[in-house]
Amino acid sequence: TIGESAFANCVFLNSIEMLDNVTNINSFAFQNCTKLNTVIIGGGLETIGEGAFQNCTGLINLTIKEGLKYISNRAFNGCTSLKEIVLPNSLLEIYGGRWTSDEYGAFQGCTGLKKVTIGDGLTTIGQRAFKGCINLEEVNLGSGLQTVGYEAFANAKSLENIVLPRKTTTIGESAFANCVFLNSIEM
């Protein structure tokens with residue numbers, strides 16, 4: 001386990017490789033590590049805590065191995081240099097921001113994000129998870145997805161189409177609000 005705020009504000013930290021014996025990254029562990037550009041997460045990790053990598057504005061390379069189950073709200077909020085993420089089949093849930101105006105989704109505000117690939121194990125994309133990812137063009141959803149939360153992809157202005165798997169039963173209010181170029185949703 002990596003403790004709460006353990007490496008927060010370490011502005012000269014530039015890479016992290018976690019071994020398989022790390023099981024949890026607690027809240028705000030690497031928050032504001034602005035020069036952090038590479039993170040490799042080992043297969044033993046189960047949970048990425050709230051705000052764990054929030055505002056790591058230099059983060060470009062993110063590798064998450066099979067084993068991860070939960071990504072908490074605002075875990076990668078404000079990681080503006082992140083271009084692509086591939087989430088493993090083991091991932092069950094991306095928690096969303098709460099209903100208050102000061103809470104953010106897991107990847108909210110990742111303005112450089114262009115492509116997201118989500119594994120088949122994910123059942124829930126939480127509230128505001130990808131809100132404000134204005135350059136997000138491609139989202140590949142796994143077959144296990146059941147719920148797309150409130151404002152999950154709101155303001156993803158570059159998103160043109162999305163294919164929802166057959167198991168999807170709930171699409172939250174404003175899930176695709178202000179996706180101005182969205183021209184097709186397959187269900």
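No hydrogens, no waters, no symmetry mates; every other heavy atom, side chains included, goes into these values.
The residues Arg74 and Glu50 are annotated as salt-bridged, a charged nitrogen and a carboxylate oxygen being separated by less than 4.0 angstrom.
Applying the ring pair (Phe, Tyr, Trp, His ring centres under 6.0 Å) rule to pairs touching residues 4-29 yields Phe7-Phe30, sequence neighbours excluded.
Minimum heavy-atom separation, Lys131 to Asn155: CE-ND2, 3.7 Å. Nearest heavy-atom pair, Pro165 versus Leu145, reported as atom, atom and distance to 0.1 Å: CG-CB, 3.7 Å. Summarising the geometry of Lys65 relative to Ile40, their closest heavy-atom pair is CE-CG2, 4.3 Å, with the distance given to 0.1 Å. Nearest heavy atom pair, residue Leu164 against residue Thr168, reads CB-OG1, 4.1 Å.
Leu141 and Tyr95 fall into different hydrophobic clusters, where Ile, Leu, Val, Met, Phe, Trp and Tyr residues are linked whenever their side-chain heavy atoms come under 4.5 Å apart, directly or through other members. Hydrophobic clustering keeps Tyr104 apart from Leu113 (ILVMFWY residues linked when any side-chain heavy atoms are closer than 4.5 Å, directly or through intermediates).
Ile85 places a side-chain heavy atom less than 4.5 Å from the side chain of Phe130. Side chains of Leu182 and Phe153 form no contact here, defined as non-hydrogen atoms less than 4.5 Å apart.
In this structure a side-chain-to-backbone donor-acceptor pair under 3.5 Å is present from Ser81 to Thr57. Side chain of Thr123 to backbone of Leu92: a donor-acceptor contact under 3.5 angstrom is found.
Applying the 6.0 Å contact sphere to NZ of Lys83 captures more than 12 heavy atoms from other residues, nucleotides or ligands.
Legend: residues meeting side chain to side chain donor-acceptor pair (under 3.5 Å) with Glu66, ordered by chain and number and at least two apart, are Ser90.
How far CG of Leu91 is from OH of Tyr70: 9.5 Å, rounded to the nearest 0.5 Å. For the atom pair CD (Glu137) and CG (Asn161), the distance works out to 11.0 Å, reported to the nearest 0.5 Å.
There is no side-chain donor-acceptor pair under 3.5 Å between Gln108 and Asn77.
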